[in-house]
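The chains referred to below are lettered A, B, ... by the order of the sequence lines, with proteins before strands, and numbering in each begins at 1. Side chains are part of it too, since the values below use all heavy atoms of this structure and drop only hydrogens, waters and symmetry mates.
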Amino acid sequence: MAEQLVIPAPGDFSFPECLAYLMRSADECMFRVEDGVVTRALEVEGEPVIFGMSDHPDGVAVRFLDGYRPAGQTGMDKVAGYVRDWLDLDRDLRPFYELGEGDPILREAVREHRGLRVVGIPDLFETFVWAILGQQITVAFAYVLKKRFVETFGTAVEAGGRTYWIFPEASKVAGLEPGVLRELKITGRKSEYIIGTARLIADGELTKEGLLELRDDKLIQKELTDIRGIGPWTANYLLMRCLRSPDAYPAADVGLHNALKLAAGMDRKPTLPEVETFAEPWTGWRAYATFYLWRLLH
DNA sequence: GTCCAGGACTCGC
DNA sequence: GCGAGTCATGGA
């Protein structure tokens, strides 16, 4: 696996911090982490590509597995773009750190995890499924459900004695009956939500580009919450992880509440109004604040 | 057994 | 518009 490309990163980027986040579950099925290298498969121009990314003095090193490298420059650029999106490499975090250093609640998380980026989920359908699965259950169980889902409907790429998974296309899920997902222990409602969004995406009614064109977070949130199964938490989660809003704020998030309790030294979880009030000074960076606060829980 | 997890829907008022 | 009940599984 010869070195193929180095993706330059701006200052305030720490690969190890992003890696620590990526390693939070042994049940993660979309990539594997070994010896500091994150390896995954991706479909690029109709062909499976497998690449590993690791730390590099100038940013992120990307190496391709022999036999699974992009055919041409366009494919190479797509992988580079994917990594830039995945790790949010095009963002200048200086304003956030300026904010965080002066904030009593954020200070510790910001100092402890400097260089961490909001790790994204570039694929819209994948984010929908992940967000819906994550509603109201433990993250650990959500990982188990995602693994079952991917291993049932996704595409396996066997290479180098290992199996890599490509997330299923929305069109493959759009025609399923909810009962099929129920067998995986996904609740009936979530099964309907997943199939419903799969249909919207497969039909082209719902696209990442179309959502991004709305520009405004509030408009996007409205568009998303009009979809059955997508409430405020899920909409903001999508904004944060896929649409890359630095300001999305999943205020109802239980993990956020626990982190705020910890960071603010409270003896109880904050109420929803308190959660909103805490975040007022973070306006513009509430997604980053949330992501950093989450890290306090690990 | 009870409660809680990275919520959202439905219903009654 | 708001509160309470329901959904469903798994771990503490």
Are A:V254 and A:I137 joined in one hydrophobic group, where the rule is that I, L, V, M, F, W and Y side chains link up if heavy atoms are under 4.5 Å apart? no
Using OP1 and OP2 only, check whether a side-chain N or O of A:T234 sits under 4.0 Å from B:dA8. yes
Tell me whether the OP1 or OP2 atom of C:dT6 has a side-chain N or O from A:K190 closer than 4.0 Å. no
Please state how far atom [atom1] in [X] lies from atom [atom2] in [N], giving the value in whole angstrom units.
| X | N | atom1 | atom2 | answer |
| --- | --- | --- | --- | --- |
| A:Y193 | C:dA8 | OH | C1' | 12 Å |
| A:R148 | C:dG10 | CZ | P | 6 Å |
| A:Q135 | C:dT9 | CD | C1' | 14 Å |
| A:H257 | B:dC3 | NE2 | P | 20 Å |
| A:K269 | B:dC4 | NZ | C1' | 7 Å |
| A:L145 | C:dG10 | CG | P | 8 Å |
| A:H298 | B:dA5 | NE2 | C1' | 13 Å |
| A:Y143 | B:dA5 | OH | C1' | 15 Å |

Got a sec, which pairs hit ring pair (Phe, Tyr, Trp, His ring centres under 6.0 Å) with one end in residues 134-153 of chain A, sequence neighbours left out? A:W130-A:Y143, A:F149-A:F153, A:F149-A:F167
Do [X] and [Y] have a side chain donor and acceptor closer than 3.5 Å?
| X | Y | result |
| --- | --- | --- |
| A:S245 | A:R286 | no |
| A:E34 | A:T39 | no |
| A:D247 | A:W282 | no |
| A:D77 | A:Q73 | yes |

List in numerical order all residues of residues 283-290 of chain A for which some heavy atom is under 4.0 Å away from an atom belonging to DNA chain B. none
Testing A:Y82, A:W86, A:F51 for ring pair (Phe, Tyr, Trp, His ring centres under 6.0 Å) with A:F31, which one passes? A:W86
Dot-bracket for DNA chain B, 5' to 3', counting Watson-Crick or G-U wobble pairs under 3.5 Å, with [ ] for crossing pairs and | for inter-strand pairs? .||||.|||||||
Among C:dG10, B:dA5, B:dA8, which nucleotide has an atom closest to any side-chain atom of A:V254? B:dA5
Taking the minimum atom-to-atom distance to the side chain of A:R228, which one of C:dT9, B:dA8, B:dC9 wins? B:dC9
Measure up the A:Y288 and A:F96 rings against each other and bin them: parallel (under 30°), tilted (30 to 60°), perpendicular (over 60°). tilted
Would you please classify the geometry between the A:F291 ring and the A:Y21 ring as parallel, tilted or perpendicular, with 30° and 60° separating the classes? tilted
Using atom P in both nucleotides, what's the gap between B:dC9 and C:dG10 to the nearest angstrom? 24 Å
If we take the C1' atom in both C:dC2 and B:dA5, what is their distance in whole Å? 24 Å
Taking side-chain hydrogen bond (donor to acceptor under 3.5 Å, both in side chains) as the cut-off, I'd like each qualifying pair that reaches into residues 183-203 of chain A, sequence neighbours left out, listed once. A:E192-A:R228
For DNA chain C, find the residues of residues 180-189 of chain A with a heavy-atom distance under 4.0 Å and give them by number; none if there aren't any. A:R182, A:K185, A:T187, A:G188, A:R189
Have a look at A:P250 and say if it touches a base, only the backbone sugar-phosphate, or nothing, with a 4.0 Å heavy-atom cut-off. nothing
Under a 4.0 Å N-O cut-off, is there an ion pair linking A:D92 with A:R94? yes
Both A:A131 and A:I227 contact DNA chain B. Which one's nearest nucleotide lies toward the 5' end? A:A131
Could you tell me which residues satisfy side-chain contact (heavy atoms from CB on, under 4.5 Å) with A:R268, sequence neighbours excluded, listed by chain and number? A:M266, A:T271, A:E274
